Amino acid sequence: MNHWLFKSEPDSFSIDALGKAPRQTTAWDGVRNYQARNMLRDSIKKGDQAFFYHSSCEVPGIAGIVAVVKEGYPDKTAFDPGHHHYDADSDEHEPRWFVVDVKLVRKFDRIITLDELRRHAGKALKDFVLLRRGNRLSVMPVTNKEWEFVLTLE
DNA sequence: GCCAACGTTGGC
DNA sequence: GCCAACGTTGGC
């Protein structure tokens with residue numbers, strides 16, 4: 001089982017919104033970055049778990065854990081001209097963008113803040129992709145060691 | 001709202 | 001293939 005971190009702006013989709021979704025499951029759609037797309041399409045497997053990260057908000061940080069319940073398949077929002085994430089260049093026969101389905105595992109009692117994660121950037125989280133300067137990936141890998149360490153902060 | 005950092009686009 | 005211009009991300 002591999003681990004990941006998925007970013008979302010809580011104003012558009014928060015961990016509480018996932019908690020209220022049918023079967024607490026949703027398609028992780030709208031990713032429009034090739035590196036992240038490749039992970040969604042090729043690397044992320046059923047049973048993998050991911051941190052649910054809240055970005056661009058008052059308290060950025062990790063809000064909980066989700067599990068992958070369905071592996072990569074085409075992102076339908078790319079085909080819908082009325083959709084905010086529409087991409088005219090994504091063809092149904094040769095889709096450009098992909099999603100996985102995720103299900104809420106649990107919400108943390110508190111946010112593990114970005115600030116707090118940074119305090120370990122020199123050591124345990126030395127190579128944590130989230131903390132890399134200028135990092136803008138919305139889907140990124142997390143090593144087993146990093147995963148276990150972050151859980152000790154909870 | 002600001003701005004640094006980054007990815008993408010398109011002219012050449 | 002280079003690189004300037006532009007749009008987006010995301011912390012502050």
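What you see below is based on every heavy atom in this structure, not just the backbone, and it leaves out hydrogens, waters and symmetry mates. Here is the naming used below: chain letters follow the sequence lines, and residue numbers restart at 1 for every chain. Keep in mind that this is a model prediction, so the values were computed, not measured.
- Atom-to-atom, CZ of Arg132(A) to C1' of dA4(B) comes out at 18 Å; the value is rounded to the nearest Å.
- Distance CD (Glu9(A)) to C1' (dT9(C)): 8 Å, rounded to an integer number of Å.
- Atom CG in Asn135(A) sits about 19 Å away from atom P in dT8(C), given to the nearest Å.
- Here dT9(C) presents its P atom at 14 Å from CG of Asp11(A), a figure rounded to the nearest Å.
- By the 4.0 Å N-to-carboxylate-O rule, Lys76(A) lies too far from Asp29(A) to be salt-bridged with it.
- Within residues 108-130 of chain A, no residue is approached by DNA chain B to less than 4.0 Å at the level of any non-hydrogen atom.
- For the residue pair Ser12(A)/Glu9(A), the side-chain donor-acceptor check at 3.5 Å is not satisfied.
- In this structure, the ring pair (Phe, Tyr, Trp, His ring centres under 6.0 Å) partners of Trp147(A), at least two apart in sequence or on a different chain, are His3(A), Phe51(A).
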Show the numbers, then the answer: is there a salt bridge (charged side-chain N to carboxylate O under 4.0 Å, His left out) between Lys20(A) and Asp16(A)? CA-CA 6 Å; Lys20(A) 287 176 194 148; Asp16(A) 287 332; 6.0 Å; no

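- Remark: P of dG1(B) and CD of Glu58(A) are 17 Å apart, rounded to the nearest angstrom.
- Taking atom CZ of Arg133(A) as the reference point, atom P of dG10(C) lies 16 Å away to the nearest angstrom.
- Residue Lys7(A) places at least one side-chain N or O closer than 4.0 Å to OP1 or OP2 of dG10(C).
- Here the C1' atom of nucleotide dG7(C) and the CG atom of Asn33(A) are 14 Å apart, to the nearest Å.
- Side-chain contact of Thr77(A) with Asp75(A): a donor-acceptor pair under 3.5 Å is present, judged by distance alone.
- Within 6.0 Å of atom CD in Gln24(A), more than 12 heavy atoms from other residues, nucleotides or ligands are found, so the atom counts as buried in its surroundings.
- For Tyr34(A) and dT9(B), the shortest distance from a side-chain N or O to OP1 or OP2 is not below 4.0 Å.
- Atom CG of Leu137(A) and atom P of dG11(C) are 13 Å apart (whole Å).
- Taking the ring centroids of Tyr34(A) and Trp97(A), they lie under the 6.0 Å cut-off.
- Among the atoms of the strands shown, base atoms are found under 4.0 Å from some heavy atom of Ser56(A).
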